[in-house]
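Computed over heavy atoms, backbone and side chain alike; hydrogens, waters and symmetry mates excluded. Keep in mind that what you see is a predicted model, and the values were worked out from it rather than measured. Proteins get letters first, then strands, A, B, ... in listed order; numbering begins at 1 in each.
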2 protein chains.
Amino acid sequence: MRADARKNYDRLLSVAREVVAEYGADASLRDVARKAGVGLATLYRHFPTREALIEALLRSDVDELRARAADLETSSTPGDALVTWLRGTVAITHEYRGVTALFLAALEDPESALYESCVALHDIGTRLLDRAHAAGQARADIDGGDLFALVGALAWLYDQPSVKPRADHLFDVISSAVLPDGLRTDAQLQRRLA
Amino acid sequence: MRADARKNYDRLLSVAREVVAEYGADASLRDVARKAGVGLATLYRHFPTREALIEALLRSDVDELRARAADLETSSTPGDALVTWLRGTVAITHEYRGVTALFLAALEDPESALYESCVALHDIGTRLLDRAHAAGQARADIDGGDLFALVGALAWLYDQPSVKPRADHLFDVISSAVLPDGLRTDAQLQRRLA
DNA sequence: ACCTGAACACCGTTCAAGT
DNA sequence: ACCTGAACACCGTTCAAGT
């Protein structure tokens, strides 16, 4: 990449991070280009679609979630590991307000720039879920696809301002549906019994 | 209302019903006016906001849900009544793709044209939920606001094309979190035990 | 190679001017 | 009273013309 192109690329990415944080994943791309002091077509060549831009923003987050999952697999009970990872995934997804609908669509569209990231998240979740299944801590009739969809629904709930005060509670409700207390013997349950 | 105004009003409403069914609650209002053969400003005077238009479309549905709830209160066990009503509410909300975010916002904005409808749905749900609470069939730490938010999340899930095949399953998962089988003695449980 | 401005076809919202 | 077209300030996307 030529030096000036590189500079534009980096500038676009850093401006996009701010704009998306403020206006969500459906922020105006024109606005991003304008604030980056760059022609609109320049943004389009670096990031041919909105998904491509979001993907570039999300890449480091997905890597982090992957690393966390690896840690959790060795440091926690299967049930706790899954819940902790879900909480982190929902939190990060929520930072990109409105991105969950893009995610769920991308999972079925290998052409999407978000496809790889979505598959990665889907697979990590499935792996943690299967561990919980093996330990008899997760509801048996839920698979990785269900889990991915529930993460989307939870992130969507966090995205709604009026839900925010009860969002953590709803996280507990939904995650306890995936991991019923009756099947669990981990820290969360210990706390409830204490 | 003058005869020509009445005619325009009715025509706008019927066209809006089709357009919203096809493109969702964020359909182009310009498109509605165009297809109704009416000036754009005419639409705006009859329906000063998008919420006002959606509210007009939704009014009969809300009335129907209210009637159903009244029936269910006399014809079913509290747990069954709540689940059946939830299913119907999610189904109808889903017909207006994308309306759930408007709903959750309207519940906190008395100025919104959707406010009355949202409060009505919220209150009906709370009433059915409290019956289930009294019968010991519903999870105690869930209130009407939680229920309203969960209905929104479920309708959002039904709105995502990639989730559709598993949406009914996720409905069961989430509704069983609200009404755990351990607390229920109704038809759904009987079926599962059979 | 890379960038830009303008063009095109859309929005939502408002308002002066018509009947 | 009611309606309309045009105006304004926005989009996303594409492309010919510049350096």
| query | Could you give the OH-to-P distance, from B:Y44 to C:dC15, as a whole number of Å? | reply | 13 Å

| OP1 or OP2 of C:dC3 under 4.0 Å from side-chain N/O of A:N8 | yes

| query | Does any donor atom in the side chain of A:S175 or A:R87 lie under 3.5 Å from an acceptor atom in the other side chain? | reply | no

| task | Measure from the ring center of B:Y158 to the ring center of B:F171 and say whether it is less than 6.0 Å. | result | no

| query | If you look at every strand shown and take non-hydrogen atoms under 4.0 Å, does A:R45 touch a base, only sugar-phosphate, or nothing? | reply | base

| field | Protein-nucleotide distance (B:H46, atom NE2; C:dT13, atom P), rounded to Å | value | 17 Å

| message | Just by distance, no angles: are the side chains of B:S176 and A:R139 close enough, under 3.5 Å, to form a donor-acceptor pair? | response | yes

| field | Integer-rounded Å distance: D:dG12 P and A:L53 CG | value | 11 Å

| NA contact type, A:A41, heavy-atom cut-off 4.0 Å: base, sugar-phosphate, or nothing? | base

| query | CG of A:L29 versus P of D:dC10: gap in Å, rounded? | reply | 16 Å

| query | Under 4.0 Å between a Lys/Arg side-chain N and an Asp/Glu carboxylate O for A:R97 and A:D159? | reply | no

| request: By nearest nucleotide on DNA chain C, pick out whichever of B:T49 and B:R2 is the more 5' one. | output: B:T49

| said: Using whole Å, what does the distance between atom P of nucleotide C:dC10 and atom OH of B:Y23 come to? | reply: 12 Å

| said: Please classify the nucleic acid contact of A:A27 as base, sugar-phosphate, or nothing, using heavy-atom distances under 4.0 Å. | reply: sugar-phosphate

| request: Provide the Watson-Crick or G-U wobble partner of D:dA9, both distances under 3.5 Å; none if there is no partner. | output: none

| message | Considering every strand and a 4.0 Å limit on heavy-atom distances, what is the contact class for A:S28: base, sugar-phosphate, or nothing? | response | sugar-phosphate

| task | Could you check how far CG of A:D4 sits from P of C:dA1, rounded to whole Å? | result | 13 Å

| field | Carboxylate-amine/guanidinium proximity below 4.0 Å for A:D4 and A:K7 | value | no

| task | Output the single nucleotide from C:dT13, D:dA1, C:dC2 whose closest atom is nearest the side chain of A:A5. | result | C:dC2

| request: Calculate the interatomic distance between B:D31 atom CG and C:dC10 atom C1'; express it in whole Å. | output: 11 Å

| message | Rounded to whole Å, please give me the gap between CZ in B:R34 and C1' in C:dA9. | response | 11 Å

| field | N or O in side chain of A:R30 less than 4.0 angstrom from D:dC10 OP1/OP2 | value | no

| said: Under 3.5 Å for both donor-acceptor distances, Watson-Crick or wobble: does D:dA16 have a partner, and if so which one? | reply: C:dT4

